[in-house]
2 protein chains.
Amino acid sequence: MSNPDPSADSSNFALGRLRALLDDSSFEGEERLPPERVLATQIGIGRRALRRALEVLEAEGRIWRHQGKGTFVGPRPAHTPTNLEELSKRTHPLEVMDVRLEIEPALARLAAMRATNGDIERLLRLAEKTASSSDADGRELWDSALHRTIAEAAGNSLLLAIFDMVDRIRQDTAWRLLRERARSGDRQQIYVEQHRRVIAAIAQREAHAAEHAMREHLELVREGLLKVMTSPLPNRMDGQIQETPVTANTKKEIRHGT
Amino acid sequence: MSNPDPSADSSNFALGRLRALLDDSSFEGEERLPPERVLATQIGIGRRALRRALEVLEAEGRIWRHQGKGTFVGPRPAHTPTNLEELSKRTHPLEVMDVRLEIEPALARLAAMRATNGDIERLLRLAEKTASSSDADGRELWDSALHRTIAEAAGNSLLLAIFDMVDRIRQDTAWRLLRERARSGDRQQIYVEQHRRVIAAIAQREAHAAEHAMREHLELVREGLLKVMTSPLPNRMDGQIQETPVTANTKKEIRHGT
DNA sequence: TCATCGAACCACTTGCAAATTGGTTCGGTA
DNA sequence: TACCGAACCAATTTGCAAGTGGTTCGATGA
């Protein structure tokens, strides 16, 4: 499995040396390898040669490295990104929409069941504001506030936290252009009407209708996003988005159970 | 609303001084007030007197303070807890179950549609392990791994991140006792059978069946949790949990457009 | 000509100490 | 009794140094 071409090793004996080290019990329990500079002098080769060998081992999945941290034996840990920047970098806009399609209809249903009268008043006021707002930025703000208020009205703090997390990713700068184009033109009127329907259903405590209306709304938003993304203009963005996830993944593969 | 007893202000003129400062345009755009020590000397009073005045203003909601950060004008920001500790502290176990009931059936459905053959193999292996495990800790581990593998198989990194977030809160130490009691006894066999059904549906690409089976499973888990929580023993936990959730919601208010 | 090396620099991460800030206690003073 | 000043505590932020992998460059030598 590991070495179909032994000549590769013989030409570069650092690799063989390292394989021996890894197989050796000396690094059995050790997770972390010495720094490259140290390891290089220990083996008696240059750092560059050592790094070439390490690249092979990393590609094989026997070690993993991270700038600033070190080199470690074993498969790369699962690494669920916990900070938002990383998450938004490696999350595709469509993924976000899929998640919204799972979460927000449920939020609307819960809101219909548990919203307070104060919540409903706020929703009604927000709906007016959203409709009357003229510029794109204004719409964006009011729209965001509206969806968040529904999330609050659902009365589950954990779901609210999840909504906020998704929303912060959605608002990430990388997709601002996309969103702008997605909500351009006559769609805006439809969105307003759909919002109205969702809020009316919540106000009348019709849980199922609220869920359905919200899903319908988000499906339209998703469709608009899809249309914009496949259109010719924003190629630059396409590249930007589909490039970034690769950087860390040239070697990649999720390394969970394997 | 603010000042039913004017003598309070006259006896402590720092309060009036501060009110003037806040109403003054000098702090119109300013969020942050000077440090207490500076502000005290500026006004010409002692720090303790200043702090009493600040306490009043904070109670009125005109300012908010945070140790190590400073004193700020305006209502305390919404504060969606972003770190896990805080979230688990103020999240009720039933809230977590409600969220799982929203998320995981969707994950199961997506997994049925998008799981790779490798995913399915892993699931089948995990199901065996879960069934064969005898002690409670072992079951807990395998169960967790099983649910996470399903989440991975769904193929949406953002949903996976959300699942991980919820799962970490679920695993928080505070509820370990509860969970242990909840999965005691004969329920365990039913859980195993339900897991088997979910996995079978995923393996046969029956999205709807997978979603339904997962929901059924989680509803039973929820019921078990409910039964345990209403039983007499863990009263101490009840108090601890039901205190917290109020704090964040007393003022709420979104800070987007306004 | 090519591979290798050593050195220097860049980018990221960690850890720690200092500074800043609100929170609290204490004794002195009018 | 009320206030003040000082000192200390605790939480947070900031800045810096060290250590690490990632990269580039010129020198060396086969």
Side-chain angles (χ1 to χ4, degrees), chain A residues 7-18 30-59 62-74 76-77 79 81-86 89-90 244 246-252, chain B residues 7-18 21 30-59 62-74 76-77 79 81-83 85-86 89 247:
Chain A
S7 70
D9 269 29
S10 64
S11 75
N12 177 355
F13 88 114
L15 231 180
R17 205 75 175 67
L18 276 176
E30 300 287 343
E31 269 194 331
R32 182 176 194 159
L33 288 180
E36 290 184 354
R37 292 161 177 83
V38 176
L39 196 54
T41 58
Q42 276 184 1
I43 301 183
I45 59 175
R47 197 175 154 217
R48 187 176 176 114
L50 171 66
R51 282 182 56 72
R52 261 203 300 278
L54 290 176
E55 282 166 15
V56 176
L57 292 177
E58 187 176 29
R62 302 194 54 175
I63 64 169
W64 63 278
R65 304 181 283 177
H66 192 347
Q67 185 171 343
K69 284 183 177 177
T71 305
F72 303 83
V73 186
R76 184 182 299 269
H79 177 58
T82 173
N83 60 42
L84 287 174
E85 294 174 26
E86 226 171 311
K89 261 191 296 184
R90 62 184 70 218
T244 38
V246 187
T247 50
N249 294 351
T250 46
K251 39 294 290 239
K252 80 133 122 215
Chain B
S7 71
D9 267 30
S10 64
S11 76
N12 178 357
F13 87 115
L15 230 180
R17 208 75 176 69
L18 276 177
L21 258 184
E30 299 286 344
E31 271 194 329
R32 183 178 195 158
L33 288 180
E36 291 184 354
R37 292 162 177 82
V38 176
L39 196 53
T41 59
Q42 276 184 2
I43 301 182
I45 58 176
R47 197 175 154 218
R48 189 178 175 119
L50 171 66
R51 282 182 57 72
R52 260 203 301 277
L54 290 176
E55 282 166 15
V56 176
L57 292 177
E58 186 177 29
R62 302 194 54 174
I63 63 169
W64 62 278
R65 305 180 282 176
H66 192 351
Q67 185 172 343
K69 284 183 176 175
T71 305
F72 303 84
V73 186
R76 185 182 300 269
H79 176 59
T82 172
N83 60 42
E85 294 174 26
E86 229 170 309
K89 260 191 296 185
T247 51

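Note on naming: letters A, B, ... go to the chains in the order of the sequence lines (proteins, then strands), and numbering restarts at 1 for each one.
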- Full working for side chain to side chain contact (heavy atoms under 4.5 Å, CB included) between Thr71(B) and Leu39(B): CA-CA 11 Å; Thr71(B) 305; Leu39(B) 196 53; over 6 Å; no
- Atom CH2 of Trp64(A) and atom P of dT13(C): how far apart are they, to the nearest Å? 12 Å
- Message: If we ignore hydrogens and angles and just use 3.5 Å, is the side chain of Arg62(B) paired with the main-chain N or O of Leu54(B) as donor and acceptor?
- Response: no
- Note on the structure: Distance col, row Arg52(B):CZ vs Leu18(B):CG, nearest 0.5 angstrom, shows 12.5 Å
- Summarise protein proximity over nucleotides 22-28 of chain C in one line of letters, 5' to 3': B for base, S for sugar-phosphate only, - for none, counting protein heavy atoms closer than 4.0 Å. BBBB---
- Query: Going through the distances and angles, do Glu58(B) and Arg76(B) end up as a side chain to side chain contact (heavy atoms under 4.5 Å, CB included)?
  - Reply: CA-CA 9 Å; Glu58(B) 186 177 29; Arg76(B) 185 182 300 269; 3.1 Å; yes
- Note on the structure: Between CD1 of Ile45(A) and C1' of dT4(C) the distance, given in whole Å, is 11 Å
- If you fit an axis to the five pairs at each end of the helix from dT1(C)-dA30(D) to dA30(C)-dT1(D), how big is the angle between those two axes, to 10 degrees? 10°
- Given DNA chain D, 5'-ward residue of the pair Gly44(B) and Val38(A), judged by closest heavy atom: Gly44(B)
- Query: Under the salt bridge (Lys or Arg N to Asp or Glu O under 4.0 Å) test, which residues partner Arg47(A), sequence neighbours left out?
  - Reply: Glu36(A)
- Reported CD-to-CG distance for the pair Gln42(A) and Leu50(A), which is rounded to 0.5 angstrom: 10.0 Å
- Message: Let me confirm one number: the CD-CD1 distance from Glu55(B) to Ile63(B), rounded to the nearest 0.5 Å.
- Response: 9.5 Å
- Taken to the nearest whole Å, CD1/Ile63(A) to C1'/dG22(D) is 14 Å
